[in-house]
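Reading through the structure tokens given below for one structure.
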Protein chains: 2
Amino acid sequence: MAPRKIKNMEEFAAVSGLSRPTVSKYFNDPETVRRSTRDRIEAALAQYDYRPNIYAVNQNRRLTKNIGIVVPFLADPFFAEIARTIETLCIEAGFRPILLSSHGDRAVECENLDSLKSLKPAGVLMAPLGRASDRRAIERFCDEVPTVLFDSNIDSVGEDFIGSDNQQSIGMIVDYLYRTGDPPAFFEMSKPVNPNAIKRRTAYLSAMERLGLAPRLIQVAGEGWAFEEIGFQAGGTVLAKRTRPKTVLCSNDRLAIGLLSAAFELQLRVGHGPDADIRVAGHDDHPFARFTCPGLTTVAQDYAAIARRSVARLVDLIGSGARAGRGADTLFPGKLIMRTSA
Amino acid sequence: MAPRKIKNMEEFAAVSGLSRPTVSKYFNDPETVRRSTRDRIEAALAQYDYRPNIYAVNQNRRLTKNIGIVVPFLADPFFAEIARTIETLCIEAGFRPILLSSHGDRAVECENLDSLKSLKPAGVLMAPLGRASDRRAIERFCDEVPTVLFDSNIDSVGEDFIGSDNQQSIGMIVDYLYRTGDPPAFFEMSKPVNPNAIKRRTAYLSAMERLGLAPRLIQVAGEGWAFEEIGFQAGGTVLAKRTRPKTVLCSNDRLAIGLLSAAFELQLRVGHGPDADIRVAGHDDHPFARFTCPGLTTVAQDYAAIARRSVARLVDLIGSGARAGRGADTLFPGKLIMRTSA
DNA sequence: AGAATTATTTTACGCGCGTAAATTTTTTAT
DNA sequence: ATAAAAAATTTACGCGCGTAAAATAATTCT
């Protein structure tokens, strides 16, 4: 019992009866050694519980097995969920994910990229802040590290972009709302941080035009990532007016959550029933959207597909070693989630 | 312009006119070199933008500047928030935080500890899963790495524990609910994953006894971390019965969010008004608690204080180099947050 | 069985830095 | 001003591994 402690790969190679370079090869890719050799190593591994020193391993490797994951705001459950999915997929693909949040802050985002650069990652999956991002810094980063952007795009940056088809999803829910009642007004922040927000506005306008309807934008002040608070405060003001719309489509679910809270406080009945005062819809299918009062009608982003495709693309890029320059954009369609709020 | 690229510390030392070990000393602690030396290095640093290779740096250091942060479930905004605060504090203290989530899974928690061990962290801040944790694995880990537990305790493990005083906070809200209406029933999961849940139940029972009241536990089935869903499903059943309580105190806010959603669906009026059907209170002051319908009366955990103290204790431990064995527990009191749900 | 192929071992070197010990410089005390 | 003490710097060595090239062994094919 209690076999002596293994200090390094040399010793481990000794107890497995192999040379160190062979063992090294095994740890880089177990498939590259003979079956019998592999069995011997794995037997020794079970007995001695040795792990190569991460720092020594990565010092001389051109490319590490690290994959950086950068999200703009981890306290948003949407990003927490997608990050979790991506993490799992990276591990399954044989990489070591390193999760960083930019906390909604441009400077932090830059620091994250700097930190990652010094970790020599094989690749990076990044959901940028959007407008608040330092475009130049991200460009420079993408020049050095294979990077796939997801969720929110920055034109002509990164190898690839994977996201949602806002044109389709907003078009769909505008159609739905129009067919089942009054056409929606669009509730959003006047200075959106996120490219998706801008695309959704455009999509709303074009959908209304297509239907031959007059658009109505409700643009409210507010900055940062406290969307619920902004939706609540500004929404309260909007809803208190006599001119309030009969149907509101919010640029995202978190704004809608705040708006629903404001509506409740004003004792407005939200829903599609005959005695309802107002209909509210959102976008994203936020994890909490089904627990709002009433449940929020919204469009689900296919975040599982986005995560899968993003990881797959990055792994491809890493495998091919190709820095193919600007690649293609992939947009996944949204799915209408009908609950009781609209 | 465009000075030649710096490959390593040797080159950087050359362009700053110093020897490499001196530069190395500077990067370990700028205070340990002479003022004039420091100025020269920092001037060169501004011009050449060199960063020491992380892997080479940590290979020979006994102790890295890494601090591991392990939370049980990052998709829970409460943990996302406290993790964010802790991250910032670690950076301010001159360390490099590494954030890992156990995703509510025992095996993942163990893997996280293994990963951390091979990163040779100076210390670790850990919020364990609780009952689902592999106690032995955590014990072994704490033997090797200075570890401060926070949020949820595992008796006799780790150097220190920082958390909330459930006895105080539950006692306070039970008092409040009793003084302002009917005494509360306690809504919880029958098999709680979290030690806090168990302490809260005990605290509820003792508070009721102190007040000379008959306790009423409503224990519902359900496992995992989908608290809203459990609160919604089980809560719907409970609230539909004629025997439903007039006042419900939920073991945590996420259960309460689900319960509120169920109440809304049953068209029950929640609140402390004269025409209300039921009062609902929670615990934690979850980031979304103020946007529920109606706003959730709850107890705020002082997560900023917990984060500050946890980091401070760990930095102390690291500084003193002392493995003092089992230290003290620090419990912060909660703060009553009166909203309209109770 | 012999040749061609594939897998493994040996040899040899270097990565970029930490760190103890030796040396030099600077500061303080006399 | 000079010696002693303290601080800063340099010298010298090694960490644990990757990796390339050459040599050897095992396997497969004809």
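Residue numbering restarts at 1 for every chain, and letters A, B, ... go by the order of the sequence lines.
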### B:W225 and B:F73 aromatic ring geometry - parallel, tilted or perpendicular at 30°/60° bounds
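The rings of B:F73 and B:W225 lie parallel, inter-plane angle below 30°.
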### Task
Please work out whether the ring planes of A:Y50 and A:F12 are parallel, tilted or perpendicular, with thresholds of 30° and 60°.
parallel
### Task
Tell me which of A:S19 and B:K7 sits closer to the 5' end of DNA chain C, going by the nucleotide each one is nearest to.
A:S19
### Summary
By nearest-heavy-atom nucleotide on DNA chain C, the more 5' of B:Q59 and A:R35 is A:R35
### Query
At what angle, to 10 degrees, do the two end axes of the helix from C:dA1-D:dT30 to C:dT30-D:dA1 meet, given five pairs define each axis?
0°
Would you mind classifying the nucleic acid contact of [X] as base, sugar-phosphate or nothing, using non-hydrogen atoms under 4.0 angstrom?
X	answer
B:Y26	nothing
B:K25	base
A:P21	base

#### Entry: Nucleotide interval of DNA chain D bounded by contacts with chain B (heavy-atom cut-off, under 4.0 Å)
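Answer, 5' to 3': D:dA8 to D:dG16.
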### Query
Looking only at atom types and distance, does a side-chain atom of B:T64 sit under 3.5 Å from a main-chain N or O of B:K120, one as donor and one as acceptor?
yes
### Query
Is there a donor-acceptor pair closer than 3.5 Å between any side-chain N or O of B:S102 and the backbone N or O of B:G104?
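Here the side-chain-to-backbone pair does not exist.
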### Task
Ignoring hydrogens and angles, state whether a donor on the side chain of B:N28 or B:R61 is under 3.5 Å from an acceptor on the partner side chain.
yes
### Query
How about B:R96: does its CZ atom have over 12 heavy atoms from other parts shown lying under 6.0 Å from it?
yes
#### Entry: Carboxylate-amine/guanidinium proximity below 4.0 Å for B:R140 and B:E144
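No, this pair does not count.
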### Query
Want to settle it: does A:N28 or A:R34 sit nearer the 5' end of DNA chain D, counting the closest nucleotide to each?
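With A:N28 and A:R34 compared, the 5'-side residue is A:N28.
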### Query
Could you state the interatomic distance from CZ (A:R309) to CG (A:D316), rounded to the nearest 0.5 Å?
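So the gap between those two atoms works out to 10.0 Å.
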### Task
Whole angstrom is fine here: how far is it from CG in A:L18 over to C1' in C:dT10?
14 Å
